[in-house]
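See structure below.
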There are 2 protein chains.
Amino acid sequence: MTAGRRRGVELERAILRAAAEELVASGYAGMTMDKVARRAGTNKNAIYRRWPQRAALGVAAYKYVADARTPTVDTGTLRRDALELLRQANASWSSPHGAVLRDLLAAAADEPALLDLLREQAGGGALNAAWFALLSRAVARGEAPPEAVQPRVAALPMTLLRGEYALRGVPALPDEVLVEIIDEIFLPLIRGRGLACPVPLSAG
Amino acid sequence: MTAGRRRGVELERAILRAAAEELVASGYAGMTMDKVARRAGTNKNAIYRRWPQRAALGVAAYKYVADARTPTVDTGTLRRDALELLRQANASWSSPHGAVLRDLLAAAADEPALLDLLREQAGGGALNAAWFALLSRAVARGEAPPEAVQPRVAALPMTLLRGEYALRGVPALPDEVLVEIIDEIFLPLIRGRGLACPVPLSAG
DNA sequence: CTCCTTAAGGTACTGGCGGTACCCTATCAG
DNA sequence: CTGATAGGGTACCGCCAGTACCTTAAGGAG
């Protein structure tokens with residue numbers, strides 16, 4: 001056996017791998033330091049030497065699994081672009097990887113420092129950029145008014161998706177919900193932002 | 001001293017009161033059974049005889065504080081109605097009472113049975129009805145098209161408010177955010193739902 | 001008033017957890 | 001070869017949820 005004693009990066013990877021496995025197996029609440037140590041074939045000391053808090057290990061383990069793929073779509077129409085992006089997000093969130101993320105988010109309610117790290121992962125950077133790009137293309141095609149390119153509009157579908165996940169339980173959202181979000185809210189809003197009428201539309 | 005030994009309802013109220021105080025003082029995570037028992041001047045037995053789980057006590061304690069006021073507004077215009085309702089919700093959520101609710105919601109991520117109870121409290125019933133009433137009045141006044149009276153539209157402002165709370169931290173949302181939610185999203189959406197154009201508005 | 005059921009009080013315990021201390025030992029740089 | 005570094009093993013502290021067991025006050029039935 002070339003066993004020897006693992007050191008440095010090698011051990012660190014082993015710990016992260018073990019932590020990630022515990023995370024997907026038992027959730028954050030079940031990711032015990034002892035269990036991670038045992039699964040990694042080491043002991044708590046080696047873990048605490050690297051991450052001072054259990055929560056820090058949780059975030060690190062999540063990052064270790066998260067592959068941070070940047071979603072890109074370009075189907076040619078606004079509606080199909082939006083639907084596709086939303087479907088990708090739904091698939092991602094309902095995967096084990098997403099379950100871990102949601103679990104971590106819930107668990108880290110009292111650890112404000114870690115919340116920031118997670119929020120970034122939860123759909124901050126790349127995802128938002130994708131929605132902006134989608135809107136810009138729609139404007140270029142004449143499918144949407146220029147006023148629609150706005151942060152709050154771009155973030156809306158993902159916010160609604162999050163809302164649905166918060167409202168319902170764990171399982172993946174049925175596709176009809178995604179279609180509703182797009183057809184009942186997102187697209188009507190974009191249409192409505194074309195009309196700059198501060199005064200009610202009654203009168204007519 | 002008329003001390004005596006408290007029994008039945010009297011003791012139950014004392015426990016609930018103590019639990020509620022611990023809840024607002026230290027959050028759900030800090031609401032220890034021992035601390036509740038000590039504050040109530042009793043012991044854990046008396047608590048476990050009534051609530052089999054700590055989470056059950058948490059929910060009961062929350063209900064004990066929650067006053068379940070039904071919000072009602074009627075200012076005469078859609079925009080002011082919506083803004084007022086949203087401001088009330090914001091004030092309620094940023095109050096200690098709201099902090100407890102958000103804390104409980106986060107903590108109960110792995111207790112699905114309790115989630116339902118909390119979700120109801122979190123703005124399910126009465127609040128939704130208020131938004132429906134608001135929309136209906138706007139339609140009656142001619143301020144909104146009848147197509148706007150729809151569950152997803154009614155729930156939208158509260159969903160966005162929740163989204164902002166999830167995104168940012170604890171503190172109360174500044175009023176500009178509420179105004180933006182109404183002016184940039186809610187009202188344009190209602191306007192947009194008047195135009196039933198499945199085909200893009202380009203072409204013109 | 002007495003007795004007896006009921007429920008509250010007190011205390012101690014189990015088991016699991018996060019986190020720390022201490023000491024032993026393998027590894028690697030010099 | 002040697003000494004600093006870091007991994008390994010183990011025991012420990014304090015805290016917590018939940019349980020067991022016994023003592024003691026309260027209140028109703030007779």
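Bear in mind that the values here come from a model prediction, so they are computed numbers and not experimental data.
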(request) Let me know the distance between OH of Tyr48(A) and C1' of dG19(C), rounded to the nearest Å. (result) 5 Å
(request) Ignoring backbone atoms, establish whether Gln53(A) has a side-chain N or O less than 4.0 Å from OP1 or OP2 of dG19(C). (result) yes
(message) Between C1' on dA4(D) and CZ on Arg7(A), what's the gap in Å once rounded to a whole number?
(response) 10 Å
(request) Could you please name the option among dA7(C), dG18(C), dA6(D) that lies closest to any side-chain atom of Arg49(B)? (result) dA7(C)
(message) Side-chain N or O of Arg6(A) versus OP1/OP2 of dT27(C): is the shortest distance under 4.0 Å?
(response) no
(request) Measure from CG on Leu11(A) to C1' on dA6(D) and round the result to the nearest Å. (result) 9 Å
(request) Find the distance Glu22(B):CD to dA17(D):C1' and express it as a whole number of Å. (result) 16 Å
(request) Ignoring backbone atoms, test whether Thr32(B) places a side-chain nitrogen or oxygen under 4.0 Å from the OP1 or OP2 oxygen of dC16(D). (result) yes
(request) Using whole Å, report how far CG of Leu57(A) lies from C1' of dC17(C). (result) 15 Å
(request) Output the single nucleotide from dG9(C), dG18(C), dT5(D) whose closest atom is nearest the side chain of Ala46(B). (result) dG9(C)
(message) Using OP1 and OP2 only, check whether a side-chain N or O of Arg54(B) sits under 4.0 Å from dA17(D).
(response) yes
(request) Return the value, rounded to whole Å, for the distance between atom NZ of Lys44(A) and atom C1' of dG8(D). (result) 14 Å
(message) Under 4.0 Å between a side-chain nitrogen and a carboxylate oxygen: does that hold for Arg193(B) and Glu184(A)?
(response) yes
(message) Taking the basic N atoms (NZ, or NE/NH1/NH2) and the acidic carboxylate oxygens, is any pair closer than 4.0 Å for Glu22(B) and Lys35(B)?
(response) yes
(request) Determine whether any donor atom in the side chain of Arg5(A) lies under 3.5 Å from an acceptor atom in the base of dG7(D), or the reverse, and answer yes or no. (result) yes
(request) May I ask you to decide whether Glu21(B) forms a salt bridge with Arg17(B), counting only side-chain N to carboxylate O separations under 4.0 Å? (result) yes
(message) Within the 4.0 Å heavy-atom criterion, would you say Gly41(B) contacts the bases, only the backbone, or no part of the nucleic acid?
(response) sugar-phosphate
(request) Rounded off to whole Å, could you give me the CG-to-C1' distance for the Asn43(B) and dG9(C) pair? (result) 5 Å
(message) Does dG8(D) have OP1 or OP2 under 4.0 Å away from a side-chain N or O of Thr42(A)?
(response) yes
(message) If the threshold is 4.0 Å, N to carboxylate O, is there a salt bridge linking Glu12(B) and Arg6(B)?
(response) no
(request) Rounded off to whole Å, could you give me the OH-to-P distance for the Tyr28(B) and dC16(D) pair? (result) 14 Å
(message) By the definition side-chain hydrogen bond (donor to acceptor under 3.5 Å, both in side chains), identify the one residue from Thr75(B), Thr77(B), Asp81(B) that meets it with Arg137(B).
(response) Asp81(B)
